[in-house]
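Quick notes on the structure that follows.
Just so you know, residue 1 is the first one in the sequence shown, and it goes up from there.
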Amino acid sequence: MTNINWGQFSNNFISGFNSAGANNVQNTPLNANPAPMQQQSTPLEVLLPNYIAQLQQTTNELATLNQQQTMNMLKELLQFPKNFEQLLSQLTVNAQQSVQQSALLLLASNMNLGDLSFLLQNNSKEAMTNLYQMLAQFNQVGMALKDEQINELSKLISFVATASTNDVQTLKATMLMYLPWLPLTDPNAFKLEIASSGSDGSKASDDNVSIMISTENYGNLQAEIYKTDKDGIKIELITSETFPQKEFTVLMKDEGIKYNININFDLFQKETFNKDKKEKSQTEICVNASSGVNLFLLLISNSVIKNVHIIDSKESLREQRKEKLE
């Protein structure tokens with residue numbers, strides 16, 4: 001399936017359709033002499049089939065969107081960048097910075113939830129407007145989208161707009177947009193707690209994020225992520241005995257290489273984190289952070305959750321293949 005650049009398609013279609021009509025229906029007074037034509041416009045009947053064909057392609061693609069594609073479309077409607085790193089950089093640093101330069105600046109920056117909330121509120125309003133402009137254009141040429149397609153997108157935009165009125169929900173909704181395999185509106189899949197300060201009243205918790213993940217195949221996993229004194233990151237990881245810690249550390253070290261940031265690990269195993277193979281479960285994630293959490297820690301947290309999901313999903317595929325062979 002072709003990826004839809006929804007924002008670009010919406011803008012191009014609306015402006016293109018309107019300009020096609022404007023080029024052929026001039027707002028000229030009846031008693032005025034028409035100005036000499038310097039360039040012949042393309043007839044509307046020639047332009048319109050191209051737009052209708054584009055609409056039909058979009059309709060077909062919308063009908064087959066999976067969860068990740070729907071979330072990508074939501075980000076396009078909200079004019080949010082494709083990945084979490086780009087969003088955090090957009091909030092704090094010059095977009096022209098290199099990946100390594102951005103990482104260092106993110107490491108020195110804390111989250112401003114007010115800016116993020118403002119961005120969500122304004123962009124969700126514009127996203128809803130764009131969505132209904134597109135609907136009007138579909139209707140104008142005698143085409144219609146299925147109710148469930150529009151309802152799903154409208155529900156997601158409304159959820160984001162509502163979330164932007166609360167700090168916890170703002171950060172939660174934003175992170176979920178970049179974990180597209182978790183349903184955005186499912187309250188049980190992802191839990192987030194924000195503390196204003198450390199337990200001793202200090203701001204130490206600003207430089208610490210705690211994650212608990214209940215996986216489908218490996219039981220529980222707990223990660224403590226915090227900054228070190230030398231512009232690095234430490235991850236303390238506690239897992240079940242079956243979780244492939246080595247594979248996880250390789251994936252996370254690749255993240256460190258990407259950002260030119262040193263990531264160290266303390267690895268532990270707990271028998272109590274094990275899971276009965278017969279026990280069925282879904283992936284659940286709980287993140288604890290402060291309201292002024294370091295931006296790079298948020299980025300690494302996103303990477304930890306993503307890589308645990310990759311490992312867990314690979315095991316699910318192996319189990320499925322094994323069952324088929326049996």
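Rounding to the nearest 0.5 Å places CD1 of I300 at 8.0 Å from CG of L297. Taken from CG in D115 to CG in L119, the straight-line distance is 8.5 Å, to the nearest 0.5 Å. Rounded to the nearest 0.5 Å, atoms CG (L176) and CG (L74) are 11.0 Å apart. Considering OG1 of T283 and CG of L221, their distance stands at 11.5 Å, rounded to 0.5 Å. Between atom OH of residue Y218 and atom OG1 of residue T215 there is a gap of 8.0 Å, rounded to the nearest 0.5 Å.
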For this session: Would you check, one step at a time, whether the test side-chain contact (heavy atoms from CB on, under 4.5 Å) holds for E284 with I213?
Result: CA-CA 6 Å; E284 294 183 359; I213 303 176; over 6 Å; no

For this session: Determine, step by step, whether K191 and K172 satisfy the side-chain contact (heavy atoms from CB on, under 4.5 Å) criterion, reporting the C-alpha distance in whole Å, the side-chain angles of both residues, the deciding distance to 0.1 Å, and the verdict.
Result: CA-CA 8 Å; K191 301 174 184 177; K172 176 179 177 179; 5.8 Å; no

For this session: Just do the salt bridge (charged side-chain N to carboxylate O under 4.0 Å, His left out) check on K258 and E85 with the steps written out, would you?
Result: CA-CA 12 Å; K258 174 182 176 183; E85 171 205 327; 3.6 Å; yes

Problem set entry | Criterion side-chain hydrogen bond (donor to acceptor under 3.5 Å, both in side chains) on S117 and Q121, from CA distance to verdict | CA-CA 6 Å; S117 175; Q121 286 183 40; 3.2 Å; yes

For this session: Quick one: do S210 and Q222 satisfy side-chain hydrogen bond (donor to acceptor under 3.5 Å, both in side chains)? Show the steps, please.
Result: CA-CA 7 Å; S210 176; Q222 182 176 321; 5.0 Å; no

For this session: Under the side-chain contact (heavy atoms from CB on, under 4.5 Å) rule, what do S158 and M128 come out as? Steps first, then yes or no, please.
Result: CA-CA 8 Å; S158 297; M128 195 67 81; 3.5 Å; yes

For this session: I would like to know whether Q269 and S240 meet side-chain contact (heavy atoms from CB on, under 4.5 Å); could you show each step before the answer?
Result: CA-CA 5 Å; Q269 291 182 335; S240 66; over 6 Å; no

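Under the 4.5 Å side-chain heavy-atom criterion for Ile, Leu, Val, Met, Phe, Trp and Tyr, Y226 and I263 are members of distinct hydrophobic clusters. No single ILVMFWY cluster, assembled from side-chain heavy atoms under 4.5 Å apart, contains both M212 and I285. I238 and I225 are not part of a single hydrophobic cluster, where members link through side-chain heavy atoms under 4.5 Å apart. Residues M252 and I257 do not share a hydrophobic cluster, clusters being chains of Ile/Leu/Val/Met/Phe/Trp/Tyr side chains in contact below 4.5 Å. In the hydrophobic clustering of this structure, L237 does not group with F273; members are Ile, Leu, Val, Met, Phe, Trp, Tyr whose side-chain heavy atoms approach within less than 4.5 Å, directly or through other members.
Counting only heavy atoms from C-beta outward, the side chains of E126 and N122 never approach each other to under 4.5 Å. Proximity of I235 to E224: side-chain heavy atoms (C-beta onward) are nowhere separated by under 4.5 Å. Counting heavy atoms from C-beta on, the side chains of L88 and F84 come closer than 4.5 Å. The shortest distance between side-chain heavy atoms of L120 and F80 falls below 4.5 Å. Between T272 and N220 there is no side-chain heavy-atom pair separated by less than 4.5 Å. K75 is listed as a side-chain neighbour of Y178, based on a closest heavy-atom distance under 4.5 Å.
The closest donor-acceptor contact from the side chain of T249 to the backbone of K246 lies under 3.5 Å. Here the side chain of N294 pairs a donor or acceptor atom with the backbone of L107 at under 3.5 angstrom. Distance alone, capped at 3.5 Å, places no donor-acceptor pair between the D266 side chain and the E236 backbone. When atom types are taken as modelled, the side chain of D207 and the backbone of V293 share no donor-acceptor pair closer than 3.5 angstrom. Without hydrogens or angle criteria, N110 side chain to L295 main chain gives no donor-acceptor distance under 3.5 Å. Listed for the T165 side chain is no donor-acceptor partner under 3.5 Å among the backbone atoms of A161.
Checked by atom type, the side-chain pair E241/N274 shows a donor-acceptor distance below 3.5 Å.
Closest approach of V304 to A223, counting heavy atoms only: CG1-CB, 4.4 Å. Taking all atoms of both residues into account, the shortest heavy-atom contact from T170 to S164 is OG1-CA, 3.2 Å. Counting all heavy atoms, side chain and backbone alike, L78 lies closest to S124 at CD2-CA, 3.5 Å.
By the salt bridge (charged side-chain N to carboxylate O under 4.0 Å, His left out) test, E247 pairs with K314, sequence neighbours left out.
The 12-atom threshold is exceeded at CZ of F268, counting heavy atoms of other residues, nucleotides or ligands nearer than 6.0 Å.
Within the structure, ring pair (Phe, Tyr, Trp, His ring centres under 6.0 Å) pairs that include any residue of residues 289-321 comprise W181-H309, Y259-F296 (at least two apart or interchain).
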